[in-house]
Amino acid sequence: MKKFMDENFLLETTTAQELYHNHAAKMPIIDYHCHLIPKMVADDHKFKSITELWLGGDHYKWRAMRTNGVDERYCTGTDTTDWEKFEKWAETVPYTLRNPLYHWTHLELKTAFGIDKLLSPATAREIFDECNEKLKLPEFSARGLMRHYGVECVCTTDDPVDDLRYHKQTRESGFEVKMIPAWRPDKAMNIEKPDFADYVRQLEQVSGVSIAKFSDMVDALQKRHDFFHEQGCRLSDHGIEEFYDEPYTDSQIDIIFEKAMRGQMLSTYEVRQYKNCFLSVMAEMDADSDWTQQFHYGAIRDNNSLMYDRLGADTGFDSIGEFTTAKAMSHFLDRLNKKGKLTRTILYTLNPCANEVIATMLGNFQDGSCPGKIQFGSGWWFNDQLDGMTRQMNALSVLGLLSRFVGMLTDSRSFLSYPRHEYFRRLLCNLLGNDVEKGLIPADMQLLGQMVEDISYNNARRYFKFY
């Protein structure tokens with residue numbers, strides 16, 4: 001029987017162990033998509049307890065607790081203590097066996113705090129107290145944890161109206177870890193939302209551009225895009241349910257925009273026309289600035305208006321629906337490509353049924369301008385686990401070039417989520433190690449070691465142009 005989470009956790013062969021310990025483990029982390037709060041980095045935030053660090057804002061843990069019958073007041077309530085919340089999480093953990101939370105929880109305890117004990121009601125108080133004592137030490141601050149995990153660069157997720165003051169403050173402080181903003185203009189895209197007009201007025205105020213029609217909003221966004229570029233941004237991100245393919249004219253978009261600003265109801269077709277236009281404009285803006293663009297698609301968000309988390313759901317596309325989405329994606333990328341406006345692009349899906357669709361789509365638009373120009377993003381959201389990450393890498397291996405993959409990210413707001421990079425690297429090494437043992441790939445440790453180092457770090461460093 002193999003010991004749980006020993007030094008060779010997830011590494012089933014001696015080849016995998018050599019690849020991880022001698023190659024993957026030493027590489028720095030470029031976390032190119034996360035939701036860290038920039039102010040916490042700028043202020044080098046000190047955490048008052050493990051509850052704040054671990055449970056504050058962690059919708060994955062909240063979801064598991066609710067499923068385990070824990071009342072909402074122990075998840076997001078304000079009338080319960082840090083200990084009471086932590087105690088409820090400890091009661092939940094034993095029930096998370098075979099859920100990625102069980103692995104993440106114990107990997108984070110081990111790598112951050114040196115705690116090998118399993119979290120349960122019996123160990124909760126001891127672990128709570130030990131973590132809180134260590135959190136008083138300077139090396140357990142926000143910046144201290146980033147140093148501890150070997151983080152070299154993080155990209156936060158920022159709205160166009162953000163002033164980016166904390167990015168500037170962090171940069172000027174001399175902190176050695178790069179914190180770079182990433183452009184996320186979803187609020188300007190989501191024209192169907194009731195607060196769209198209010199957001200446009202906020203954009204108008206921040207940009208100093210009077211917005212009466214859609215082209216004015218584009219001018220305002222371009223001004224903010226330029227500002228983000230000056231602050232080091234080289235990356236955009238878009239959260240979409242699917243790609244859009246509805247044709248439109250400039251006059252139609254102006255009418256749609258004006259109706260939304262007056263608070264009039266839009267048809268589904270009009271919303272899709274607008275989003276198709278908006279994403280095209282944003283993509284061209286990114287191409288002109290030589291940025292990388294990311295598209296996270298396939299999530300139906302905000303399903304339960306009474307809940308406090310913001311987790312989405314798989315759209316559950318059947319084969320016909322996925323085919324339609326694939327065609328829309330293809331047409332979107334093709335239109336940009338014809339104009340010479342298709343920049344480096346990363347595609348993420350929440351629906352694992354689309355893995356082969358995306359992995360195949362990549363090859364349609366690789367143009368030789370750089371290795372892996374069009375990327376299949378790592379297992380995202382609910383696919384951010386052992387099976388999901390393995391399936392994504394297998395699809396990419398068969399239909400593309402795994403060697404050119406830019407690797408893992410945390411997609412998290414927690415300063416304890418960096419072990420997800422370790423988790424991914426162990427799975428990568430295990431995948432390759434098993435292939436070697438089966439005689440499917442050569443036991444060339446120089447070739448494989450370089451491949452592992454590239455996927456873990458080097459590919460991302462070259463791809464994103466942060467340096």
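Under the side-chain contact (heavy atoms from CB on, under 4.5 Å) criterion, Ser141 pairs with Asp44, Lys46, Arg143, not counting sequence neighbours. The ring pair (Phe, Tyr, Trp, His ring centres under 6.0 Å) search around Tyr457 returns none, not counting sequence neighbours. Take Asn430 and apply the side-chain contact (heavy atoms from CB on, under 4.5 Å) test, not counting sequence neighbours, and it matches Glu12, Ala16, Asn434. In terms of the ring pair (Phe, Tyr, Trp, His ring centres under 6.0 Å) criterion, Phe227 has no residue partners (sequence neighbours excluded). With sequence neighbours left out, His296 forms a ring pair (Phe, Tyr, Trp, His ring centres under 6.0 Å) with His33, Tyr348, Trp380.
In summary, the aromatic rings of Tyr149 and Phe415 are positioned with their centroids too far apart to meet the 6.0 Å limit. The six-membered or imidazole ring of Phe47 lies away from that of Phe140, with a centre-to-centre distance of 6.0 Å or more.
Within the structure, side chain to side chain donor-acceptor pair (under 3.5 Å) pairs that include any residue of residues 369-378 comprise Asp367-Ser369, Asp367-Lys373 (at least two apart or interchain).
Remark: the backbone N or O of Tyr60 is paired with a side-chain donor or acceptor of Asp58 at under 3.5 angstrom. Between the side chain of Asp82 and the main chain of Thr51, no donor-acceptor pair closer than 3.5 Å is present. With hydrogens and angles ignored, the 3.5 Å screen pairs a side-chain donor or acceptor of Glu204 with a backbone N or O of Ile211. For Asp195 (side chain) and Asp198 (main-chain N/O), no donor-acceptor pair under 3.5 Å exists by modelled atom type.
The CZ atom of Phe332 sits 13.0 Å away from the CD atom of Glu242 when rounded to the nearest 0.5 Å.
The aromatic rings of Trp381 and His59 sit tilted, their planes meeting at an angle between 30° and 60°.
Figure legend: Arg420 and Trp104 shown as a cation-pi pair, the cationic atom lying under 6.0 angstrom from the six-membered ring centre and within 45 degrees of its axis.
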